[in-house]
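What follows is a set of notes on a single structure, which appears directly below.
What you see is a predicted model; the values in this text were computed from it and never measured.
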Amino acid sequence: MMSALKLSSLVLIIISLIVILISLASDYWISSPGSFFGLWRWCLLGICTTLGSAVDIDTTRAFIIISFLLLVLSAVTQFLEIWINNVLMGMNKQKLVTILNFCAACSAIIGMSVFTGFAGVNAPYSWSFALGWVSAGLSLLAGVVALVAFKKEAQ
């Protein structure tokens, strides 16, 4: 049986997945006139250079990628829970979706916090950076909705 809460959770997960993918792939984490900076490259006056390895940037990349992968797994599991009940028998898929969403949110929050510590509080943050935080919030909200669906299901 498909519940509105499970479907809402799936929609939130998919939106969060799209938002974090855009954030991860785009180069506008920090932007100032004539230059912009992302996780993979930076551009100054139209000349772009690939970013090398740096501990803070690598850590941010890793946690954002982990969050993305957890969201993919969460979306697949929620889809299976809603439409294909006989897969993963004996496992409470709704509980797994809840845990995956909270882990994805925590991973995104850690990655975004590391980048914030790297760039500083007064850095000219741009829209890609904001999308990372939006994705963390959406993942957390999807986890809460999945948790409510799990609690209603358990009754």
**Message:** What verdict does the side-chain contact (heavy atoms from CB on, under 4.5 Å) test give for Ser113 and Ile109, after you've listed the backbone C-alpha separation in whole Å, the side-chain angles of each residue and the deciding distance to 0.1 Å?
**Reply:** CA-CA 6 Å; Ser113 298; Ile109 289 169; 4.0 Å; yes

Can you give me the closest heavy-atom contact between [X] and [Y], atom names plus distance?
X      : Y      : result
Ala149 : Gln94  : CB-NE2, 3.9 Å
Leu131 : Ser23  : CB-CB, 3.9 Å
Gly52  : Arg61  : O-NH2, 3.7 Å
Ser128 : Asp27  : OG-N, 4.2 Å
Arg41  : Thr50  : CB-CA, 3.9 Å
Ser67  : Ala104 : OG-O, 2.8 Å

**Asked** When the aromatic ring centroids of Trp42 and Phe36 are compared, is their separation below 6.0 Å?
**Response** no

**Message:** In this structure, is the centre-to-centre distance between the rings of Tyr28 and Trp127 below 6.0 Å?
**Reply:**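 Yes: the rings meet the under 6.0 Å criterion.
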
**Request:** Just jot down the side chain to side chain donor-acceptor pair (under 3.5 Å) partners of Ser53, sequence neighbours excluded, or say none.
**Result:**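 So Ser53 forms a side chain to side chain donor-acceptor pair (under 3.5 Å) with Asp58.
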
Any link between [X] and [Y] through a network of hydrophobic side chains (Ile, Leu, Val, Met, Phe, Trp, Tyr) touching at under 4.5 Å?
X      : Y      : result
Val134 : Phe63  : no
Leu80  : Val11  : yes
Val19  : Leu10  : yes
Leu138 : Val148 : yes
Ile110 : Tyr125 : no

**Message:** Applying the side-chain contact (heavy atoms from CB on, under 4.5 Å) criterion to Phe150, which one of Leu5, Asn92, Val97 satisfies it?
**Reply:**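 Going through Leu5, Asn92, Val97 one by one, the side-chain contact (heavy atoms from CB on, under 4.5 Å) with Phe150 is satisfied by Asn92 alone.
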
**Working for side-chain contact (heavy atoms from CB on, under 4.5 Å), residues Lys93 and Ile82** = CA-CA 10 Å; Lys93 292 181 286 290; Ile82 293 172; over 6 Å; no

What distance separates [X] [atom1] from [Y] [atom2], expressed to the nearest 0.5 Å?
X      : Y      : atom1 : atom2 : result
Ser135 : Leu24  : OG    : CG    : 10.0 Å
Ser126 : Phe37  : OG    : CZ    : 12.5 Å
Gln78  : Ile14  : CD    : CD1   : 9.5 Å
Ile20  : Ser139 : CD1   : OG    : 6.0 Å

Do [X] and [Y] come close enough that some side-chain heavy atom pair is under 4.5 Å?
X      : Y     : answer
Trp29  : Ile57 : no
Leu39  : Leu51 : no
Leu17  : Leu21 : no
Met112 : Ile64 : yes
Cys103 : Ile99 : yes
Asn101 : Ile13 : yes

**Request:** Go through the steps for Phe129 and Ile30 under the test side-chain contact (heavy atoms from CB on, under 4.5 Å), then give the verdict.
**Result:** CA-CA 7 Å; Phe129 178 78; Ile30 293 177; over 6 Å; no

**Request:** Take Ser35 and Ser32 through the test side chain to side chain donor-acceptor pair (under 3.5 Å) and record every step on the way to the result.
**Result:** CA-CA 5 Å; Ser35 68; Ser32 59; 2.8 Å; yes

**Asked** Which word best sums up how the rings of Phe115 and Phe118 line up, parallel for under 30°, tilted for 30 to 60°, or perpendicular for over 60°?
**Response**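 Plane angle between 30° and 60°, so tilted.
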
**Main-chain N/O of Leu70 paired to Ser74 side chain as donor or acceptor, under 3.5 Å** = no

**Asked** Is Ser16 reaching over with its side chain to a backbone N or O of Leu12, donor-acceptor style, under 3.5 angstrom?
**Response**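 Such a contact is absent between Ser16 side chain and Leu12 backbone.
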
**Request:** Verify side-chain contact (heavy atoms from CB on, under 4.5 Å) between Lys6 and Val145, making sure each step is shown before the conclusion.
**Result:** CA-CA 8 Å; Lys6 290 178 183 178; Val145 172; over 6 Å; no

